[in-house]
Structures are given as structure tokens and as C-alpha cells.
2 protein chains.
Amino acid sequence: MTELEDLCLRKGLRLTEHRRIVLEILDSATDHPCAREIHRRAADGHRIGLATVYRTLNSLTAAGVLTRLTLSDGRTRYERAGASHPHLIDVDTGEILALDEDELARLIEDTATSLGFRLVGYRLRMFGVKP
Amino acid sequence: MTELEDLCLRKGLRLTEHRRIVLEILDSATDHPCAREIHRRAADGHRIGLATVYRTLNSLTAAGVLTRLTLSDGRTRYERAGASHPHLIDVDTGEILALDEDELARLIEDTATSLGFRLVGYRLRMFGVKP
DNA sequence: CTAAATGCAAATCATTTGCAAAGAG
DNA sequence: CTCTTTGCAAATGATTTGCATTTAG
């Protein structure tokens with residue numbers, strides 16, 4: 001896991017088994033688990049406290065490796081950080097399309113710039129129905 | 001406040017002073033206050049409990065009058081439903097700017113259309129920092 | 001060895017809920 | 001008068017933190 005070693009070096013973090021485990025869980029996950037769920041999965045076969053999971057998620061998020069996905073159900077979910085891109089959600093089926101729309105991305109960036117901000121990321125969720 | 005009377009009638013809710021106050025605060029707000037903040041503003045001149053604010057926000061949200069804005073700072077923020085518009089969030093200060101960007105809105109709508117969807121709504125959140 | 005990381009339990013913070021009292025229709 | 005709404009305080013649930021102990025470098 002070179003990326004993690006690299007990251008730890010750069011951020012002055014120590015490369016612990018726990019960070020490996022949490023990152024591995026998120027890498028292999030097909031969903032977006034919350035802290036408790038990550039702990040549940042990590043604790044299966046390892047000795048790891050819930051507080052450690054929270055701390056790890058926080059440091060990895062601060063380090064830019066993870067992104068928080070805040071849905072409105074109270075729990076914070078996590079995913080590997082990556083390219084900001086627009087999503088279109090089919091309101092009828094719940095299906096999510098991740099779009100690759102350069103023009104939108106550029107306009108979004110330009111808008112932020114024109115307001116005097118440097119764009120750190122964005123999330124565009126469009127809700128639509130098939131007519 | 002005919003709209004509220006109407007709503008209460010349709011939903012079998014009672015038209016109370018508290019619902020009026022909460023809705024009025026959200027209508028006149030230029031920001032997106034959280035429950036505590038709404039309570040703070042409402043309590044200025046009125047006798048209203050925090051629990052009532054929460055209950056009111058929940059029933060108005062369930063009734064479709066309000067929308068929850070879930071940022072990743074732990075608190076849920078509220079706004080009048082229906083207003084799809086882009087937001088830019090200052091990552092350093094937490095300040096939220098609700099933008100009125102026609103060009104973006106149009107492009108977003110066009111994008112959905114070109115994908116064969118009718119746009120029901122969208123949420124664009126941009127995260128930026130002041131250089 | 002020394003500072004960072006961990007486990008556990010206690011502490012916070014936002015939000016919800018139980019219950020008796022107050023208010024709308 | 002009946003049923004909803006409210007206030008207050010206690011309960012919940014997610015996340016954070018204090019502290020003594022362990023561990024990576």
C-alpha cells in the first residue's frame with residue numbers, strides 16, 4: 001500500500017495497521033459506510049475501538065484521502081476522495097448516473113473564481129425523471 | 001399568510017403562532033439557519049421551546065414546505081423548498097452563499113434534458129476558499 | 001526512547017421523546 | 001370539549017475527548 005505509506009510520510013502520520021484496515025475497507029466497499037459500519041467490518045477479525053475508527057476517518061479526511069458524504073439520515077458516510085463530478089439521480093428508480101460533463105465542471109469552476117474563491121471541490125446532484 | 005393556512009388545512013395541522021414564526025424566520029432569512037439558530041431568532045420576543053422548533057421543522061419538512069440542507073458540520077440547515085439554486089460554501093468559515101446563477105441553472109437543466117430526463121430539481125454545492 | 005496512536009469510558013452536541021399542561025377548532 | 005401542540009426535562013445516538021497504556025519510528 002504505497003499510497004498510504006506515502007501519505008503518512010508526507011503528513012507525519014504513523015503507518016499503523018488500523019489506518020490500513022480502514023482504508024482497505026473503504027477501497028473494497030461497494031457502498032458508502034458510516035463510521036459504525038466501518039468499525040463493524042473492521043472489528044471482524046481485528047481489535048479496534050470505535051474511537052479509533054472515528055479518529056482515523058478524521059485524519060484521513062483531513063489529509064484529503066477521504067470525503068465525507070453527508071446524507072440527511074444523521075450519520076456521516078465516507079468514500080475515497082476523487083474527482084468532483086456531477087451526479088444525476090433518477091427520482092423514480094433511485095439510479096445514480098455519474099456524469100462526465102466538462103462544460104458543467106468548467107462553468108462551476110469559473111463561477112467560483114468569479115466570486116473570488118478558489119474551488120476546492122463541488123457536488124452537483126440533479127434529480128430527474130424519465131418523461 | 002394564506003399559504004400556511006392552506007397547508008395546515010390540507011395536512012390537518014393546526015395553525016399556530018409557532019409555525020408562523022418559524023416559517024417567517026426562514027422566509028426572511030438570507031442564510032440557511034440550523035434549528036438552534038432558528039430557535040435563537042424565534043425566542044427573541046417569543047416564548048418558544050427548542051423542541052417545538054425541531055418539531056415544527058420536521059412537520060414542515062414532511063409537508064414539503066421546507067428542505068433540509070445537510071452540510072458536514074453536524075447541524076441540519078433548513079430552507080424553503082422549491083428553490084433549486086447553487087450554493088457556494090466557504091470551507092474555512094462555513095459561510096454559505098446562495099447564488100443566483102442563471103447560466104449555471106440553464107446549463108444544468110440542459111444537461112439533464114440532453115440525457116433524456118426531465119429535471120425535477122438539483123443541488124449544487126461548491127466548496128471554496130478565499131485565496 | 002519519544003511522540004503519536006489506541007482503548008475505554010466519560011463527555012458533548014444535535015435531535016427526539018414522554019408526559020402533563022395549554023391551546024386550536 | 002377533544003385532539004393537537006407545547007414546554008421541559010430526560011433519553012438517544014452520533015461523534016469527540018481525557019487519560020493511562022501501547023507502539024511506530
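Within every chain, numbering begins at 1; the chains are lettered A, B, ... in the order of the sequence lines, protein sequences first and strands thereafter.
Positionally, the nearest nucleotide of DNA chain C for B:Arg36 lies more toward the 5' end than for the other of B:Glu17 and B:Arg36. If you find the closest nucleotide of DNA chain D to B:Arg47 and to B:Gly12, the one lying nearer the 5' end belongs to B:Gly12.
For the pair A:His39 NE2 and C:dT6 P, the interatomic distance rounds to 12 Å; values are reported in whole Å. Atom CG in B:Leu57 sits about 13 Å away from atom C1' in C:dA14, given to the nearest Å. Here C:dG23 presents its P atom at 14 Å from CD1 of B:Ile21, a figure rounded to the nearest Å. Across the protein-nucleic acid pair, B:His46 atom NE2 and D:dT5 atom C1' stand 17 Å apart, rounded to whole Å. Atoms CZ (B:Arg77) and P (C:dT15) sit 10 Å apart, rounded to a whole Å. Spacing between atom CG of B:Leu13 and atom P of D:dC3 amounts to 17 Å, rounded to whole angstrom units. Atom C1' of nucleotide D:dT4 and atom CG of B:Leu9 are separated by 15 Å, given to the nearest angstrom. Regarding A:Leu50, its CG atom lies at a distance of 15 Å from the C1' atom of C:dA11, rounded to whole Å.
A:Leu4 and A:Leu57 fall within the same hydrophobic cluster, defined by Ile, Leu, Val, Met, Phe, Trp and Tyr side-chain heavy atoms under 4.5 Å apart, directly or through other members. Under the 4.5 Å side-chain heavy-atom criterion for ILVMFWY residues, no single connected hydrophobic cluster contains both B:Leu23 and B:Leu13. Hydrophobic clustering of Ile, Leu, Val, Met, Phe, Trp and Tyr side chains at less than 4.5 Å, counting indirect connections, unites A:Leu26 with A:Leu15.
Distances shorter than 4.0 Å separate some side-chain N or O of B:Thr16 from OP1 or OP2 on D:dT6. A:Tyr54 has a side-chain polar atom (N or O) that falls below the 4.0 Å cut-off from OP1 or OP2 of D:dT15. When the side-chain nitrogen and oxygen atoms of A:His18 are compared with OP1 and OP2 of C:dT6, one or more of them lie within a distance under 4.0 Å. Dashed line: the shortest gap from a side-chain N or O of B:Asn58 to OP1 or OP2 of C:dT15 is not under 4.0 Å.
The side chain of B:Arg55 approaches D:dC8 more closely than any other nucleotide in the set C:dG25, D:dC8, D:dT15. Each of D:dT4, C:dA9, C:dT2 was ranked by its minimum atom distance to the side chain of A:Ala51; first place goes to C:dA9.
In this structure a side-chain-to-backbone donor-acceptor pair under 3.5 Å is missing from A:Arg75 to A:Cys34.
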Intermediate values then yes/no, salt bridge (charged side-chain N to carboxylate O under 4.0 Å, His left out), A:Arg40 and A:Glu37: CA-CA 5 Å; A:Arg40 208 168 294 130; A:Glu37 178 59 27; 2.3 Å; yes
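In the interface, the side chain of B:Arg14 is paired with the base of D:dC3 through a donor and an acceptor atom under 3.5 Å apart.
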